[in-house]
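Have a look at the structure below, then the notes.
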There are 2 protein chains.
Amino acid sequence: MADTRWLDEGEQRTWRTFLAAVHLLEGSLDRQLRRDSGLPHAYYQALAMLSEAPGGALTMTELAGLLRSSPSRLSHAAARLEEDGLIHRFKRLGDRRTTIAELTPRGLKVLREAAPGHVREVRRVLFDSLTREQVDQLREISEVMLGELDPEGREPRCPGSGGAGDRD
Amino acid sequence: MADTRWLDEGEQRTWRTFLAAVHLLEGSLDRQLRRDSGLPHAYYQALAMLSEAPGGALTMTELAGLLRSSPSRLSHAAARLEEDGLIHRFKRLGDRRTTIAELTPRGLKVLREAAPGHVREVRRVLFDSLTREQVDQLREISEVMLGELDPEGREPRCPGSGGAGDRD
DNA sequence: CCGGAATACTTGAGAGTTCAATTGTGTTCT
DNA sequence: AGAACACAATTGAACTCTCAAGTATTCCGG
């Protein structure tokens, strides 16, 4: 094991600032969504993905892929969302192993009501203070990271349009 | 309430890619550290901050500030770290309200052993794939975010040098 | 068409984070 | 000095996430 190449001055500053920013950003988003809609950010994202899928429905596996969530995490989330009546789960005839998650009218309503405040928050903590150039830079940097972390590369976006517009 | 300014194409792609990347990145770091040292990333960070503080000690409030952690979170973390013998807590004479957290020799050892693998992981998932320019861009972007999210602006870095070098 | 492997999802336990409430201590103002 | 306030830290409950197992179903090679 060769001796470690530590982070240099610039890298370390970047790394720590980045970690701090991300930590606060997630807290901020989560707090806002919980307060205004009762949903944690991750659950909101699930509803958002469903809303963009054709028919407002996806299999658990598809949804997990889009959210880059473990099956387990999604299962727990879906259980809660279903209990709250925001989605419902069912099986397709002829396939007893796949589960479909579908946005309920109530789920769509909650999503629609939460969306504006959420987008405002996203703008406030991120886009409002970044230049157009920085937004592009951040996308490229994120794509590089994602390439390293998720080589399979699930689709970054959702094709459909059965949903409710771009909810974040 | 004016009608919402939704994210445009570019912003949305940036936002989603960023979220996905960050989510995977945190998972990756946390998994690596837990596996190799038994510590979650947040706890590792606490040890790292202490190791850089003069005397390997900080008050809970100071440490919370550096980690951008709530007092509660830090308290729980400290309880666990103390139970594991990685830090210990005590009061200064003449001040019965402030608590000092101090790295133990064992804590320093654990940190030292965990550091190389952690830095390797940080390089692998981030710095290895970014250009020098992108690292600078990411720092600037993070600083902007941080400015918005933490206007008080705790010091981004630790002054001291009683510790064990730059452990991330 | 049978048996092993892969797939789809769920479950339960354990751990960390958050929020609200609490305790104890120092500070300040009159 | 005494009361009100602010500060430092902790606690417990609720919630989410992770990991490891477990169940059920489908696929596939011989």
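Within every chain, numbering begins at 1; the chains are lettered A, B, ... in the order of the sequence lines, protein sequences first and strands thereafter.
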Can you tabulate the close N/O pairs, meaning under 3.5 Å, that link protein atoms to atoms of nucleotides 13-16 of chain C?
| unit_1 | atom_1 | unit_2 | atom_2 | d |
| --- | --- | --- | --- | --- |
| C:dG16 | OP1 | B:Arg80 | NE | 3.4 |
| C:dG16 | OP1 | B:Arg80 | NH2 | 3.2 |

Would you say B:Ser28's side chain and B:Leu25's backbone share a donor-acceptor pair under 3.5 angstrom? no

Short N-O contact, B:Arg80 and B:Asp84, less than 4.0 angstrom: yes

Let me know the distance between CZ of B:Arg96 and P of C:dT23, rounded to the nearest Å. 17 Å

B:Leu74 CG to C:dC19 P: how many Å, rounded? 16 Å

Gap between atoms CE and P, on A:Met60 and C:dT7 respectively (whole Å): 18 Å

Mapping A:Ile100 and B:Asp95 onto DNA chain C by nearest heavy atom, which one lands closer to the 5' end? A:Ile100

Per the salt bridge (Lys or Arg N to Asp or Glu O under 4.0 Å) rule, what does the pair list look like for residues 21-31 of chain B, sequence neighbours excluded? B:Asp30-B:Arg34

Just how far, in rounded Å, is C1' of D:dA20 from CZ of B:Arg35? 16 Å

Heavy-atom nearest nucleotide on DNA chain D taken for B:Arg89 and for A:Arg97; more 5' hit belongs to B:Arg89

Pairwise side-chain contact, A:Val119 with B:Arg5, heavy-atom cut-off 4.5 Å (strictly under): no

Which part of the nucleic acid, if any, lies within reach of B:Thr98 when heavy atoms closer than 4.0 Å are counted: base, sugar-phosphate only, or nothing? sugar-phosphate

Could you state the atom-to-atom distance from NE2 of A:His41 to P of C:dT17 in whole Å? 19 Å

Does the pair B:Asp8/B:Arg13 count as a salt bridge with the N-to-O cut at 4.0 Å? no

Mind checking if A:Asp30 touches a base, just sugar-phosphate, or nothing, with heavy atoms under 4.0 Å? nothing

Whole-Å distance between D:dC7 C1' and B:Glu62 CD? 14 Å

Atom CG of B:Leu67 to atom P of C:dT17: distance rounded to whole Å? 11 Å

Return whichever of B:Ser72 or A:Thr59 has its heavy-atom-nearest nucleotide of DNA chain C closer to the 5' end. A:Thr59

Steps toward salt bridge (Lys or Arg N to Asp or Glu O under 4.0 Å) verdict (B:Arg139, A:Glu9): CA-CA 12 Å; B:Arg139 178 169 63 249; A:Glu9 173 78 14; over 6 Å; no

Do the charged groups of B:Arg123 and A:Glu11 touch, with an N to O distance under 4.0 Å? yes

Can you tell which of C:dA8, C:dT18, C:dT10 lies closest to the side chain of B:Ser70? C:dT18

Take atom CD of A:Gln32 and atom C1' of C:dT18, then tell me their distance rounded to the nearest Å. 17 Å

How would you label the contact of A:Thr99 with the nucleic acid (heavy atoms, under 4.0 Å): base, sugar-phosphate, or nothing? sugar-phosphate

